[in-house]
J.: 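This is the structure, below, for whatever I ask next.
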Number of protein chains: 2
Amino acid sequence: MTKKNYTLKEIAQLAEVSRGTVDRVLHKRGRVSEEAQKRVEKILKEIDYKPNLFAKSLKTHKNYTICALIPEDSEGEYWQQCAKGVQKAEEELRQFGISISYVRYVSTLKEFKTKLTEAIEQIPDAFLIVPIFHEPLKDLYRKAEDLKKPIALINSEVESLEPVTFLGQAYKKSGKIAAQLMGYLTPPQQDKQLLVMHLGIKSGHASHLTEKEDGFRSYFAAHHPYVTIKTISSTSIEDFVDTDFDLSHIAGIYVTTSKIHQLEGILKKHPHIQAIGYDLTAKNTTCLKNGTVKMLLNQNPELQGHQGITSLSELLLYSKSIPKRNLLRVDIVVAENLDEFS
Amino acid sequence: MTKKNYTLKEIAQLAEVSRGTVDRVLHKRGRVSEEAQKRVEKILKEIDYKPNLFAKSLKTHKNYTICALIPEDSEGEYWQQCAKGVQKAEEELRQFGISISYVRYVSTLKEFKTKLTEAIEQIPDAFLIVPIFHEPLKDLYRKAEDLKKPIALINSEVESLEPVTFLGQAYKKSGKIAAQLMGYLTPPQQDKQLLVMHLGIKSGHASHLTEKEDGFRSYFAAHHPYVTIKTISSTSIEDFVDTDFDLSHIAGIYVTTSKIHQLEGILKKHPHIQAIGYDLTAKNTTCLKNGTVKMLLNQNPELQGHQGITSLSELLLYSKSIPKRNLLRVDIVVAENLDEFS
DNA sequence: TTCAACTGTGTTCACGAGCACACATTACAA
DNA sequence: TTGTAATGTGTGCTCGTGAACACAGTTGAA
């Protein structure tokens, strides 16, 4: 039951060699006679040797730097929350020699490229990246792979590039969850009409949004096929307001981005519309509190940042293998449990 | 920005004393002149000294044992989930010299007493206890306080006894959350009737259940005062079924315990009734999947167990202060996001 | 006055792993 | 045969901490 933790010294005694020899066998540094090699390996097989991490870290006390490339954002907003999680992880891991180099960028392609280059030039021991743009990353990949620096990606996967770990959500399922909740919120009726809105998307990299839509639609197709679902994409809510879209028959709106707060005015005019959106930003939580938005799905950016750093740290410190994809839970948030998420 | 991690030697140099003196100040072992004391304390205030945990653990190499006293339960059930969280924490903390001694008990007063005595006789370094019965605990308290062993309580607080930390929920809020969800699930109508049920309670220690009820009622009183709410307490569902209680006007049932699965038959007969209950037990999740129960509130027993152990460990390892009450989040679970909680 | 006890201070050792280095042994070319 | 690599092997030092120890200086009681 209680496994003993053997030390190098004990193994050396058992194999009747010196500490140095055992060490050489373990680290495959050669200079060991066949006979000694065999004896040590035999002992090593019998016992499950695990080096004492305390002693190891104490000795090799390396200071690892992880470069975190995260979009600039204002206090309380999505990426700021993510950065907060990174900071929290940094505090916890500081004593283990982990430090973070923060590189924030405003969301333009040019800036992203500049900052990415900047990040690479720092030659950190690992990267944590929120890839709003995908093209420039391929360059990093080539360089990082040459240097064997691990990369963690947050929020969106980049096609054809394999990060060490990906932190994000199961987006299709996220859509299904939203759909079930929407089903509960809206009264059952034959001609129910719903709206899926991709609000405020900038670039073409929005596959995770369409995945959410797929999930949303597939739920209703399976459970309530009579429901009509329309989709609207628009960078700005103004484009939408200008059209004479008739909202009187719409029972609910599902916004796949964090911009549901832009609908506040519309929802006030049409209180019968049930609205579900994403993310606990300041503006969104206001809507949740005043009842214009019924539910928000929290994608846990803080946890994403936190886990990204801890995963990379475990890799650096203990060479611990980490999961390829770390799909985090989506929290269902209503007004009454909002304060549990602060 | 990047704070340095100072060592005893460096502090000694700054304060112009020897390492030993700094050590004596830090550990309050006396034998330090006032002057030296002041100098060292001044430096310590300026920098935020955190001892190198690796070196510390390497040297002291203490093996702490935490005794976990948790009710016996079958696989996948509530207390089993709690034990799972404890186990997970144990794995993470094994390298730091933390080990757990599991003491499981079947829920009878006699057994609880026996096992509690057994636990105390082991003289562990800390206790993690699920107190189904409150009386016998007072004995432990006296003994544990004599030995200065910290105690963490899970799930229910014991009146007049102060544990080092309490892990649980804000029960009144929990009731409010359930109420808001019930409000969303049941169609708005003037004569809406709801039911609060305390199913399967055994002893008189059910204050957390009435707290939930209070929260539930206060929400409706504030937001929908026209709603009628009735309360039913019964140890077994049979008592309830036998009465000719008319369910046709009941719009929703809120079960404050984890026994909502007992209503499955009734809910099948009255599909119009919206049901909300607690905890992701095997039987409950079945009901969630087949739609008889619409929502479950997950009280996160796994996280309770996990955080209980990590809190105690931090106390033992770093003498870190831990919050008196650690109120964990309640997760809202529907069928579609159920598998995110396994 | 003398010696024990006490005080304040610095030094040393041990923990386990990693690595450099010193030493011993063998091999092989000059 | 001698010199010089190459190959094994063991020892010693280091990391930062905690605790024991050594030691000088001071106090106080006999």
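Reminder, nothing fancy here: chain letters follow the sequence lines and each chain counts from 1. All values derive from a computational prediction rather than experimental measurement.
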J.: Would you kindly give the CG-to-C1' distance between B:Leu58 and C:dG16, to the nearest whole Å?
T.: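 Nearest whole value for this atom pair: 6 Å.
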
J.: Looking at B:Arg24 and C:dG10, is any side-chain donor or acceptor paired with a base atom of the opposite kind under 3.5 Å?
T.: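 Counting by modelled atom types and ignoring angles, a donor-acceptor contact under 3.5 Å is found here.
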
J.: For B:Tyr102 and B:Glu90, run side chain to side chain donor-acceptor pair (under 3.5 Å): C-alpha distance rounded to whole Å, both residues' side-chain angles, the deciding distance at 0.1 Å, then the answer.
T.: CA-CA 11 Å; B:Tyr102 296 91; B:Glu90 185 188 16; 2.9 Å; yes

J.: Ion pair present between A:Arg29 and A:Asp23, side-chain N to carboxylate O less than 4.0 angstrom?
T.: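 A salt bridge links A:Arg29 with A:Asp23.
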
J.: Does the side chain of A:Ser33 get closer than 4.0 angstrom to OP1 or OP2 of D:dT9 through an N or O atom?
T.: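 Answer is yes, contact under 4.0 Å.
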
J.: I'd like to know if B:Arg29 reaches the base of D:dG18 with its side chain such that a donor and an acceptor end up less than 3.5 angstrom apart.
T.: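 A donor-acceptor contact between them is absent.
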
J.: Please give, in whole Å, the distance from C:dA17 C1' to A:Tyr49 OH?
T.: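 After rounding, the gap between these two atoms is 6 Å.
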
J.: Which one, D:dG8, D:dG18, C:dA17, comes nearest to the side chain of A:Arg31?
T.: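 Side chain of A:Arg31 sits closest to D:dG8.
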
J.: Please determine, for the side chain of B:Asp23, which listed nucleotide (C:dT9, D:dG10, D:dA19) has the closest atom?
T.: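 Given the options C:dT9, D:dG10, D:dA19, the side chain of B:Asp23 is closest to D:dA19.
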
J.: Quick one: which of C:dG16, C:dT9, C:dG18 gets closest to the side chain of A:Thr60?
T.: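 Of the options given, the side chain of A:Thr60 lies nearest C:dG18.
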
J.: Within less than 4.0 Å of OP1 or OP2 of C:dG10, is there a side-chain N or O belonging to B:Ser18?
T.: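 Result: yes.
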
J.: Looking only at side-chain atoms of A:Lys59, point me to the closest of D:dT14, D:dG10, D:dG18.
T.: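 That would be D:dT14.
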
J.: Rounded off to whole Å, could you give me the CZ-to-P distance for the B:Arg39 and C:dG8 pair?
T.: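 It is 14 Å, rounded to the nearest whole Å.
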
J.: Does A:Arg19 contact D:dG12 through a side-chain donor or acceptor facing the base, at a distance under 3.5 Å?
T.: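 When only heavy-atom distances are counted, A:Arg19 does reach the base of D:dG12 through a donor-acceptor pair under 3.5 Å.
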
J.: Any side-chain donor-acceptor pair under 3.5 Å between B:Asn5 and B:Asn52?
T.: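 Checked: B:Asn5/B:Asn52 side chains show no N/O donor-acceptor pair below 3.5 Å.
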
J.: With a 4.0 Å cut-off on N to O distance, would you call A:Glu35 and A:Arg39 a salt bridge?
T.: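 Yes.
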
J.: Just the rounded figure in Å: distance from C1' of C:dT9 to CD of B:Glu16.
T.: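 Going from B:Glu16 (CD) to C:dT9 (C1'), I get 15 Å.
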
J.: Could you tell me whether B:Glu46 and B:Lys42 have a side-chain N and a carboxylate O separated by less than 4.0 Å?
T.: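 Salt bridge between B:Glu46 and B:Lys42, a charged N being under 4.0 Å from a carboxylate O: yes.
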
J.: Take atom CD of A:Glu35 and atom P of C:dT26, then tell me their distance rounded to the nearest Å.
T.: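 So the CD-P distance, A:Glu35 to C:dT26, works out to 13 Å.
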
J.: So does B:His27 get a side-chain nitrogen or oxygen closer than 4.0 Å to the phosphate oxygens (OP1/OP2) of D:dG18?
T.: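 B:His27 to D:dG18 OP1/OP2: side-chain N or O found under 4.0 Å.
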
J.: Base, sugar-phosphate, or nothing: which does B:Leu8 touch, judged by heavy atoms less than 4.0 Å apart?
T.: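 Here B:Leu8 touches the backbone only, sparing every base.
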
